[in-house]
> 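First the structure, which I've put down as structure tokens, then a few questions once you've had a look.
As a basis for the values below, the full set of heavy atoms in this structure was taken, side chains included, without hydrogen atoms, waters or symmetry mates.
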Amino acid sequence: MATALAPTAALGTARVTQRAAQAFKPAIARIAVSARQIARINRCKRGSLQVVAVRVENEEVALGTVAPDFELPDAVSGKNIKLSEYAAGAPATLVMFLCVHCPFVVHLKPSIAELAKEYQARGVKVLAISSNSIQTHPQDGPDKMAEDAKASGYTFPFLYDESQDVAKAYQAACTPEFYVFGKDLELTYHGQYDSSRPSKYGGDTPVTGEDLRHALDCTLAGKPLERPVRNSIGCNIKWHPGKSPAWFHG
């Protein structure tokens, strides 16, 4: 049974299935702020709000977990997208948590656009979600998302999770973050795009998308992954002030 969440501003209503959200729990509750994971923590003031920018890895979620269903508005078309309907009949579905401004996302945008086109041609359903708070990061609001999607050549819905309930249901922690689901919406991959990182963070590895490509290829072939999974790393999701989930200790 779907439970209605807070209405989004002029874009419709977000919905997430409570039963699926309860089932989608991390196999290990990973605290993202650790010596191994953090390059730096920046704190700054924006008016009366304190903004915390943390470089984090994704939480660990058990493979085989069924994707929580949800309904969110597409920032480009304004239409609501319901995951179970959108992904119906697809051999695989790719769900990405992105945003407009994060340097880790900016670094991958051209490649993400091309990878999406390639796998959409093979029947994969692709969508992205932005859950960043526009209270602290107005540059990630739906108007900017629509502009970014068009400028980046995205051929998939870019959904606005204003309430952040979908991000919490998915145990999402960072941008970018990637989830691959099979034909029955069971999780087959949750990890990095590839080992490339923005140059400002010392990265010099070319962008290939090899990890995500491998996961999609294996899922389409109906076989398990043939290489170790490495966590995605990026900027923390910008939670509404005072409403960050238990796993975020920034």
Side-chain angles (χ1 to χ4, degrees), residues 24 27 37 55-67 81 83 86-100 102-130 148-149 151-159 167 170-199 201-235 237:
F24 203 80
Q37 295 171 338
R55 180 177 165 193
V56 303
E57 292 184 10
N58 62 252
E59 298 286 312
E60 293 187 13
V61 179
L63 297 183
T65 304
V66 176
I81 302 294
L83 177 66
Y86 181 73
T93 300
L94 170 60
V95 175
M96 304 176 285
F97 283 84
L98 307 178
C99 68
V100 175
C102 171
F104 289 87
V105 176
V106 172
H107 177 65
L108 299 178
K109 284 179 184 178
S111 182
I112 287 173
E114 290 305 312
L115 180 145
K117 292 175 185 175
E118 177 182 338
Y119 282 90
Q120 283 173 319
R122 297 173 62 182
V124 175
K125 290 291 188 175
V126 180
L127 59 80
I129 300 169
S130 178
D148 186 51
S152 300
Y154 291 165
T155 54
F156 48 82
F158 196 5
L159 310 181
Y170 276 71
Q171 301 287 336
C174 61
T175 56
E177 189 161 343
F178 304 92
Y179 300 75
V180 177
F181 298 94
K183 60 182 177 63
D184 296 319
L185 286 179
E186 75 286 359
L187 186 68
T188 61
Y189 179 76
H190 180 213
Q192 69 175 8
Y193 189 76
D194 59 23
S195 294
S196 63
R197 303 289 183 261
S199 58
Y201 293 99
D204 59 5
T205 301
V207 178
T208 63
E210 62 178 351
D211 292 72
L212 185 55
R213 288 178 181 277
H214 175 73
L216 287 165
D217 289 341
C218 287
T219 300
L220 288 172
K223 62 182 183 180
L225 303 182
E226 298 174 346
R227 63 173 67 180
V229 175
R230 298 185 64 183
N231 286 347
S232 187
I233 188 169
C235 304
I237 288 177

> Please report the C-alpha distance between Tyr179 and Leu187 in whole Å, then the side-chain angles of each, then the deciding distance to 0.1 Å, and finally whether the side-chain contact (heavy atoms from CB on, under 4.5 Å) criterion is met.
CA-CA 7 Å; Tyr179 300 75; Leu187 186 68; 4.0 Å; yes

> What pairs with Thr219 under side chain to side chain contact (heavy atoms under 4.5 Å, CB included), at least two apart in sequence or on another chain?
Ala92, Val180, Thr188

> Checking side-chain polar atoms at under 3.5 Å, does Arg230 have a donor or acceptor matched by the opposite partner on Ser195?
yes

> Can you tell me how far the CG atom of Asn231 sits from the CG atom of Asn58, to the nearest 0.5 Å?
4.0 Å

> Would you say that Cys235 contacts Pro103 through its side chain, given a criterion of any heavy-atom pair below 4.5 Å between the two side chains?
yes

> According to side chain to side chain donor-acceptor pair (under 3.5 Å), who are the partners of Glu114, at least two apart in sequence or on a separate chain?
none

> Which residues pass the side chain to side chain donor-acceptor pair (under 3.5 Å) test with Lys109, not counting sequence neighbours?
Asp148

> State, yes or no, whether a side-chain contact exists between Leu212 and Leu115 at a heavy-atom distance under 4.5 Å.
yes

> Quickly, which of Leu159, Leu98, Ile81 forms a side chain to side chain contact (heavy atoms under 4.5 Å, CB included) with Ile129? Name it, please.
Leu159

> Do the side chains of Gln120 and Thr155 get nearer than 4.5 Å, heavy atoms only?
yes

> For salt bridge (charged side-chain N to carboxylate O under 4.0 Å, His left out), just list the numbers for Glu186 and Lys183, CA-CA rounded to whole Å, side-chain angles, deciding distance to a tenth of an Å, and then say yes or no.
CA-CA 7 Å; Glu186 75 286 359; Lys183 60 182 177 63; over 6 Å; no

> Applying salt bridge (charged side-chain N to carboxylate O under 4.0 Å, His left out), can you list everything that pairs with Arg213, at least two apart in sequence or on another chain?
Glu118

> To the nearest 0.5 Å, what is the distance between CD1 (Ile233) and CZ (Arg197)?
5.5 Å

> Would you find a donor on one side and an acceptor on the other, under 3.5 Å apart, between the side chain of Ser111 and the backbone of Leu108?
no

> With Lys125, which residues qualify under side chain to side chain contact (heavy atoms under 4.5 Å, CB included), at least two apart?
Tyr86, Ala90, Thr93

> Hey, are Glu57 and Ser232 close enough side-chain-wise for a donor-acceptor pair under 3.5 Å?
no

> Start with the C-alpha distance between Val207 and His107, add both sets of side-chain angles, then the distance that settles side-chain contact (heavy atoms from CB on, under 4.5 Å), and finish with yes or no.
CA-CA 8 Å; Val207 178; His107 177 65; 3.3 Å; yes

> Working note: Asp217 + Arg122, criterion salt bridge (charged side-chain N to carboxylate O under 4.0 Å, His left out); need CA distance, chi angles, decisive distance, verdict.
CA-CA 10 Å; Asp217 289 341; Arg122 297 173 62 182; 3.0 Å; yes

> In the structure I gave you, are the side-chain heavy atoms of Phe181 and Val95 within less than 4.5 Å of one another anywhere?
yes

> Checking Phe178 against Phe97 for the ring pair (Phe, Tyr, Trp, His ring centres under 6.0 Å) test, could you report, in this order, the C-alpha distance in whole Å, the side-chain angles of both residues, the deciding distance, and whether it holds?
CA-CA 7 Å; Phe178 304 92; Phe97 283 84; 9.9 Å; no

> Could you list the residues that satisfy ring-ring contact (aromatic ring centres under 6.0 Å, His included) with Tyr154, not counting sequence neighbours?
Phe156, Phe158

> Looking just at side-chain N and O atoms, do Glu60 and His190 make a donor-acceptor pair shorter than 3.5 Å?
no

> If you look at every heavy atom in Ala62 and Thr65, which pair is closest and at what distance?
O-OG1, 2.6 Å

> Give, for atom SG of Cys174 and atom CD1 of Ile237, the distance between the pair rounded to the nearest 0.5 Å.
7.0 Å

> What closest approach, in Å, do Cys218 and Pro224 show between heavy atoms, and which atom pair accounts for it?
SG-O, 3.6 Å

> May I ask you to test the Phe104-Pro176 pair for a side-chain heavy-atom distance under 4.5 Å?
yes

> Is Leu220 close to Val124 at the side-chain level, that is, under 4.5 Å between some pair of heavy atoms?
yes

> Once side chain to side chain contact (heavy atoms under 4.5 Å, CB included) is applied, do any residues pair with Val229, and if so which ones, sequence neighbours excluded?
Tyr189, Leu225

> With sequence neighbours left out, write down each residue that passes side chain to side chain contact (heavy atoms under 4.5 Å, CB included) with Glu210, or none if nothing qualifies.
Asp194, Thr208, Arg227

